[in-house]
Amino acid sequence: MGHDGTSELAAALRDLKGRTGHSFETLATRTGISRSALHRYCSGKSVPAVFGTVERFAKRCGADRDELVELHRLWALATESSGPPAPESRPESRPERRPGPVTTAPPAAVPAASPAAAPVPSWSRQPPVRILAALRPSVRQWPRLLAGVLATAVAGAVLIAGVRGAAEAADDERLLLSDACPDTIGQGQQGECVREVQRLIAGAGGRTAADGRFVGDTRRAVLAFQTLAEVRPNGVVDRATKQALYEGGVSLATWDRDRITDHIRKVFAEDPEAAVRTAECRSLLDPHYVLSHPDASRTWGVFQISEERLRKMGATPADALDPEWNIEAAHRLWGGKDSGRWPRCLVSLEPGPRSGDG
């Protein structure tokens, strides 16, 4: 399949509608979603703001649990690809300095001459020829002094040029910092510069396709990297992010699915399978899953803990990207409660009817 989440989601919704043989009017009556909205979703002209709308439509069309999980993945990609790109970092503007009125200081008062004549220096009484003769040795030293100044200036210029040349050569070896790449790289871009970002992310242990396309999975990996590197997490690869990628020191290596599910079952002993299904639907069991929402908020990690909850817990997004912390925090939030009261992915707790079931 392609990388356009909106078109993929629309195609999946059209396929579900085609199974029923019902018109948009009939499905609108049965789902409580307007006919025009259903038509926009199925044609790819817009994306539902919340996944519950997709789930209601899909269940009415007989989608099974696996299909609902896949629809959630497509919806997450579509909401990111259809949203506005993150703003680029721009230097702060500084107020223009305007020259003030020019004032002229009044001339200093000339003190009155003293009645007594000031003593005359002895050298002023010498004939001009003798004065020039006394100055002649200093004048002869001027060429040597001038040559020394010029030599120092030339040496400084050579040193500066050498440092600048070394810095430019280092940047040339780093593709993202060269003139071949734009200042910022973000959603929807493609090419060798994006492939370099993906290569560096993979080198840090991240999970993203090296296909040269900046789409949902690459943006989520960039957000995770920025968060762990303590760079502003804006989802675009700006200069600070480029430098952090090349400097290294940030590890995106994390738990695999088996280790995650084992730990979820261990922590959520009350209802382990429901907890695993919840995490699978919310994050596809990806510890670095970051989902951006229409209100500009984000949810983080295995159980997609919201930024508001993180603040109340005195935690950070970087904490939420740690799978062990995330799972145990989710248990503190919801463990021991009836699983029906957990924050659900709507499709996770009760398997939906299989395709073709009545």
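In the model, Glu270 has a side-chain atom that pairs as donor or acceptor with a side-chain atom of His331 under 3.5 Å. Thr241 and Gln226 share a donor-acceptor pair across their side chains, judged by distance under 3.5 Å alone. Side-chain atoms of Asn234 and Asp238 form a donor-acceptor pair, as typed in the model, at a separation below 3.5 Å. Checking His72 against Glu55 by side-chain atom types alone, no donor-acceptor pair falls below 3.5 Å. In the model, Ser23 has a side-chain atom that pairs as donor or acceptor with a side-chain atom of Thr26 under 3.5 Å.
Taken from CG in Asp217 to CG in Leu284, the straight-line distance is 11.0 Å, to the nearest 0.5 Å. Atoms CD and NE2, on Glu25 and His39 in that order, are 10.0 Å from each other to the nearest 0.5 Å. Separating the CD1 atom in Ile185 from the CZ atom in Arg219 is a distance of 15.0 Å, to the nearest 0.5 Å. If you take CZ on Arg60 and OG1 on Thr29, they are separated by 10.5 Å, rounding to the nearest 0.5 Å. Here the CZ atom belonging to Arg282 is positioned 6.0 Å from the CD atom belonging to Gln304, to the nearest 0.5 angstrom. Here the CG atom belonging to Asn326 is positioned 10.5 Å from the NE2 atom belonging to His288, to the nearest 0.5 angstrom.
Here the shortest heavy-atom pairing between Ala49 and Trp75 reads O-CZ2, 3.5 Å. Smallest separation of non-hydrogen atoms from Trp325 and Ala315: CZ2-CB, 3.4 Å. For the pair Ala10 and Ser43, the tightest heavy-atom approach, listed with the atom from each and the gap, is CB-C, 4.1 Å. Of all the heavy atoms in Ala318 and Leu228, the pair that sits closest is CB-CD2, 4.2 Å. The minimum heavy-atom distance linking Gly301 with Ser283 is given by the pair O-CB, 3.4 Å. Residue Lys242 comes nearest to Leu177 through the heavy atom pair CB-CD2, 3.9 Å, listed as atom of the first residue, atom of the second, then distance.
Between Leu245 and Val237, some side-chain heavy-atom pair lies under the 4.5 Å cut-off. Contact of the Leu252 side chain with the Ile201 side chain is registered, since non-hydrogen atoms from C-beta on lie closer than 4.5 Å. Residues Val236 and Phe214 have side chains not in contact (no heavy-atom distance under 4.5 Å, counting atoms from C-beta outward). Between Val302 and Ile264, some side-chain heavy-atom pair lies under the 4.5 Å cut-off. Pro287 is not listed as a side-chain neighbour of Leu321, based on a closest heavy-atom distance of 4.5 Å or more. Using a 4.5 Å cut-off on side-chain heavy atoms (C-beta onward), Leu310 and Thr316 make no contact. The closest side-chain heavy-atom distance from Arg239 to Asp183 is not below 4.5 Å. Side-chain contact between Trp300 and Asp319 is absent, with no heavy-atom pair separated by less than 4.5 Å.
Phe225 and Leu176 end up in the same hydrophobic cluster when Ile, Leu, Val, Met, Phe, Trp and Tyr side chains are linked at under 4.5 Å. Val250 and Val231 fall into different hydrophobic clusters, defined by Ile, Leu, Val, Met, Phe, Trp and Tyr side-chain heavy atoms under 4.5 Å apart, directly or through other members. No continuous path of ILVMFWY side-chain contacts below 4.5 Å connects Val50 to Val69, so the two sit in separate hydrophobic clusters.
Look at Glu280 and Arg65 and you find a salt bridge, because one of the NZ, NE, NH1 or NH2 atoms lies within 4.0 Å of a carboxylate O, short of that distance. By the 4.0 Å N-to-carboxylate-O rule, Arg311 lies too far from Glu308 to be salt-bridged with it. With respect to the salt-bridge test (charged N to carboxylate O, under 4.0 angstrom), the residues Glu328 and Arg332 do not qualify.
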message: Run Lys59 and Leu68 through side chain to side chain contact (heavy atoms under 4.5 Å, CB included) and show every step you take.
response: CA-CA 8 Å; Lys59 280 190 171 182; Leu68 289 169; 4.0 Å; yes
message: Determine whether Phe24 and Tyr41 satisfy the following criterion, ring pair (Phe, Tyr, Trp, His ring centres under 6.0 Å), listing intermediate values before the conclusion.
response: CA-CA 11 Å; Phe24 282 117; Tyr41 302 153; over 10 Å; no
task: Check step by step if side chain to side chain contact (heavy atoms under 4.5 Å, CB included) holds for Arg56 and Ile33.
output: CA-CA 9 Å; Arg56 232 173 32 248; Ile33 306 169; 3.3 Å; yes
message: Go through it in stages, so that I can follow the logic: the residues are Ser306 and Arg298, the test is side chain to side chain donor-acceptor pair (under 3.5 Å), and I'd like the CA-CA distance, side-chain angles, deciding distance and then a yes or no.
response: CA-CA 6 Å; Ser306 69; Arg298 295 182 181 128; over 6 Å; no
- request: For the pair Ile260 and Asp286, evaluate side chain to side chain contact (heavy atoms under 4.5 Å, CB included) and give the outcome as yes or no after the intermediate values.
  value: CA-CA 9 Å; Ile260 291 169; Asp286 179 358; over 6 Å; no
- prompt: Between Glu196 and Arg174, does a salt bridge (Lys or Arg N to Asp or Glu O under 4.0 Å) hold up when you go through it step by step?
  reply: CA-CA 9 Å; Glu196 176 78 347; Arg174 299 183 292 180; over 6 Å; no
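The closest donor-acceptor contact from the side chain of Lys17 to the backbone of Cys61 lies at 3.5 Å or more, if one exists at all. At least one donor-acceptor pair closer than 3.5 Å links the side chain of Gln198 to the backbone N or O of Asp211. The closest donor-acceptor contact from the side chain of Thr278 to the backbone of Ala274 lies under 3.5 Å. Using modelled atom types, no side-chain atom of Arg35 and backbone atom of Ala28 make a donor-acceptor pair closer than 3.5 Å. No donor-acceptor distance shorter than 3.5 angstrom exists from the side chain of Arg213 to the backbone of Gln190, with no hydrogens or angles considered.
Other residues, nucleotides and ligands contribute over 12 non-hydrogen atoms within 6.0 Å of the CD atom of Gln243.
For Glu192, the salt bridge (Lys or Arg N to Asp or Glu O under 4.0 Å) partners two or more places apart in sequence, or in a different chain, are Arg195. The side-chain hydrogen bond (donor to acceptor under 3.5 Å, both in side chains) search around Thr208 returns Thr218, not counting sequence neighbours.
A cation-pi contact links Arg220 to Tyr289, judged by a cut-off of 6.0 Å to the six-membered ring centre and 45° from its axis.
The side-chain hydrogen bond (donor to acceptor under 3.5 Å, both in side chains) pairs that include a residue from residues 247-262 number zero, where partners must be two or more places apart or lie in different chains.
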